[in-house]
Amino acid sequence: MEVVACSMGSSTSSLYSALAKTVSRPALPHPCDSTYNPSNDLDLDQDPADPLELLRECRDVLRNRPAQLQRAFVQTGHGDGRQTIRVMQWNVLAQALGEGMDSFVQCPMDALNWSERKYLILQEILTYRPDIICLQEVDHYFDMFQPVLASLGYQSSFCPKPWSPCLDVENNNGPDGCALFFNHKRFQSLNTTHLRLSAMMLKTNQVAIIATLRCRATEHAFCVAVTHLKARSGWEVLRSAQGSDLLRNLQNVAQRIETEEKTDTDVPLIVCGDFNAEPSEDVYRNFATSSLGLDSAYKHLSTDGKTEPPYTTWKIRPSGESCHTLDYVWYSHRAFDVNAVLDLPTAEQIGPNRLPSYNYASDHLSLVCDFSFKEPTLVPQ
């Protein structure tokens, strides 16, 4: 196979070596075709790279940039913390969109150069070392995300948008889409479903991945989904329809797994995404009231446990400042405890120019949650 060399700096390291292992692959038969099996690119017998070493490499490259935003985990007081599953949800900002279409008027173009911004992205992931990573706007899957995270022991799946706006940008790196990664030493893959979400019986440009995993330590099977719904105001009805389609598919996948597992209990779900919807929208209410028994993990940051954070994205465009809550981590509250959630930086920490910036790679903040399975006696039958 032809090796594609991908330079990330002037010296050789384990991070550069991970990227150098990227190989040329045939194009996917269809934008959301699931015949490509990323597990084939993961050497299950190879010892993973040292994440702390890779983190040091990232920080060395970024030494001339402002310090990383300091965030802390807030303990919720729920669960005993044993066998914790750490989940990251993050819209990483497609490189083509950041440089070519999004018009972040307060962000210098130099802050968005890929040669350093990819290190900012990796630094964020390596700092929190999640077991499961759900990403949106990924347009460098094959040449950055997949090889580097595979070197750390992550198995993964990628579903690009069929009509990605990245393709309209000159010198783009291909379509953006959703990507899901999981630590293969902690989880076994049982099934992966790629979806092109429908609305009013019509296929749309938005996608989702549903992965069914088995926790090797507890033998519990559960589903993790990642999605990115339609952006912009005026599209609330379409977002609601896309969310309803995802809920239907989640129910179908869960029921299939229940049959295969011969269990009479509901298969637990974790659903991550940039929903592009405030909590006031129908799509949020539909998830909150679904028969699947979902709750939003980041409500644990509020004093009453019922309110979402004031923002998960904060940017300045020519039309003005945009500060909204659009990103969520939904979970089956009857099956999981939320042990901790990563707090959000303050307005002062983010700075007057907002996001993205020299010290933060995306216009969306990462959400990171620690989950644990509830004891079986606590799960309603």
Side-chain angles (χ1 to χ4, degrees), residues 18 21-23 25 28-49 51 83-90 125 129-136 138 141-142 145-160 177-196 207-227 246 249-263 265-273 329-332 335-336 369 371-373:
K21 290 177 183 175
T22 307
V23 296
R25 304 177 179 87
L28 291 175
H30 184 275
C32 284
D33 194 292
S34 58
T35 56
Y36 171 69
N37 183 6
S39 63
N40 294 337
D41 300 321
L42 186 63
D43 185 350
L44 301 182
D45 296 322
Q46 178 183 325
D47 289 331
Q83 299 297 338
T84 294
I85 299 171
R86 177 163 291 180
V87 178
M88 171 181 275
Q89 148 59 31
W90 196 19
I125 294 170
R129 294 175 63 180
D131 302 298
I132 298 170
I133 308 169
C134 296
L135 305 179
Q136 301 84 39
V138 172
Y141 175 79
F142 291 108
F145 287 97
Q146 193 279 331
V148 172
L149 293 176
S151 78
L152 292 164
Y154 289 93
Q155 194 169 324
S156 62
S157 187
F158 174 62
C159 187
C178 291
L180 192 152
F181 302 81
F182 64 89
N183 182 335
H184 84 90
K185 288 193 173 181
R186 292 209 61 189
F187 308 106
Q188 173 192 0
S189 175
L190 302 181
N191 176 266
T192 302
T193 301
H194 286 191
L195 301 174
R196 185 173 165 192
V207 298
I209 303 171
I210 304 175
T212 305
L213 307 177
R214 187 188 306 283
C215 180
R216 297 185 191 274
T218 65
E219 294 295 316
H220 287 299
F222 64 105
C223 294
V224 181
V226 55
T227 194
L246 178 55
N249 278 281
L250 285 165
Q251 188 161 36
N252 292 339
V253 170
Q255 287 175 346
R256 186 172 72 245
I257 299 303
E258 288 160 20
T259 300
E260 293 173 357
E261 295 288 304
K262 298 181 173 61
T263 177
T265 58
D266 294 339
V267 171
L269 305 172
I270 296 174
V271 186
C272 298
V329 179
W330 297 93
Y331 69 101
S332 297
F336 289 112
C369 309
F371 294 100
S372 60
F373 289 103

Participant: To the nearest 0.5 Å, how far apart are CD in Gln188 and OG1 in Thr212?
Facilitator: 11.0 Å
Participant: For side-chain contact (heavy atoms from CB on, under 4.5 Å), just list the numbers for Val224 and Val87, CA-CA rounded to whole Å, side-chain angles, deciding distance to a tenth of an Å, and then say yes or no.
Facilitator: CA-CA 10 Å; Val224 181; Val87 178; 5.6 Å; no
Participant: Using the rule given for side-chain contact (heavy atoms from CB on, under 4.5 Å), can you reason through Leu190 versus Glu260, listing the C-alpha separation, both sets of side-chain angles and the distance that settles it, and then say yes or no?
Facilitator: CA-CA 10 Å; Leu190 302 181; Glu260 293 173 357; over 6 Å; no
Participant: Hey, which of Tyr331, Trp330, Phe373 is the one that makes ring-ring contact (aromatic ring centres under 6.0 Å, His included) with Phe336?
Facilitator: Phe373
Participant: Has Ser157 got a side-chain atom pairing as donor or acceptor with Leu180's backbone, closer than 3.5 angstrom?
Facilitator: no
Participant: If I take atom CG from residue Leu149 and atom OG from residue Ser156, how far apart are they, to the nearest 0.5 angstrom?
Facilitator: 7.5 Å
Participant: Just do the side-chain contact (heavy atoms from CB on, under 4.5 Å) check on Leu213 and Ile132 with the steps written out, would you?
Facilitator: CA-CA 10 Å; Leu213 307 177; Ile132 298 170; 4.1 Å; yes
Participant: Is it true that Phe187 and Phe222 have ring centroids separated by less than 6.0 Å?
Facilitator: yes
Participant: Which atom names give the shortest non-hydrogen contact between Thr84 and Arg186, and what distance separates them?
Facilitator: O-NH1, 2.6 Å
Participant: Name all residues meeting the side-chain hydrogen bond (donor to acceptor under 3.5 Å, both in side chains) criterion together with Gln251; count only those two or more places apart in sequence or in a different chain, and write none if there are none.
Facilitator: none
Participant: Please test Arg214 against Glu261 for side-chain contact (heavy atoms from CB on, under 4.5 Å), starting from the C-alpha separation and ending with a verdict.
Facilitator: CA-CA 11 Å; Arg214 187 188 306 283; Glu261 295 288 304; 2.8 Å; yes
Participant: Considering the options Leu246, Ile209, Leu250, which one meets the side-chain contact (heavy atoms from CB on, under 4.5 Å) requirement together with Leu195?
Facilitator: Leu246
Participant: Nearest 0.5 angstrom please: Ser151 OG to Gln146 CD, how far?
Facilitator: 9.5 Å
Participant: Between Lys185 and Asn183, which heavy-atom pair has the shortest distance, and what is it?
Facilitator: N-OD1, 2.9 Å
Participant: For Cys223 versus Val253, what's the shortest heavy-atom pair and its separation?
Facilitator: SG-CG1, 3.9 Å
Participant: What do you reckon, are the aromatic ring centroids of Tyr154 and Phe182 less than 6.0 Å apart?
Facilitator: no
Participant: So how far is it from Ser189 OG to His184 NE2, rounded to the nearest 0.5 Å?
Facilitator: 12.0 Å
Participant: Do His220 and Ile85 have side chains that approach each other closer than 4.5 Å (heavy atoms only, starting at C-beta)?
Facilitator: no
Participant: Which pair of non-hydrogen atoms, one from Ala208 and one from Cys159, has the smallest distance, and what is that distance?
Facilitator: O-SG, 4.4 Å
Participant: Which pair of heavy atoms, one from Leu135 and one from Val226, lies closest together, and at what distance?
Facilitator: O-CG2, 3.7 Å
Participant: Taking all non-hydrogen atoms of both residues into account, name the closest pair between Thr227 and Val207 and its distance.
Facilitator: OG1-O, 2.9 Å
Participant: Can you classify the ring geometry of Phe181 versus Tyr141 as parallel (below 30°), tilted (30 to 60°) or perpendicular (above 60°)?
Facilitator: tilted
Participant: With rounding to the nearest 0.5 Å, note down the distance linking CD1 in Ile270 to CD in Gln89.
Facilitator: 12.0 Å
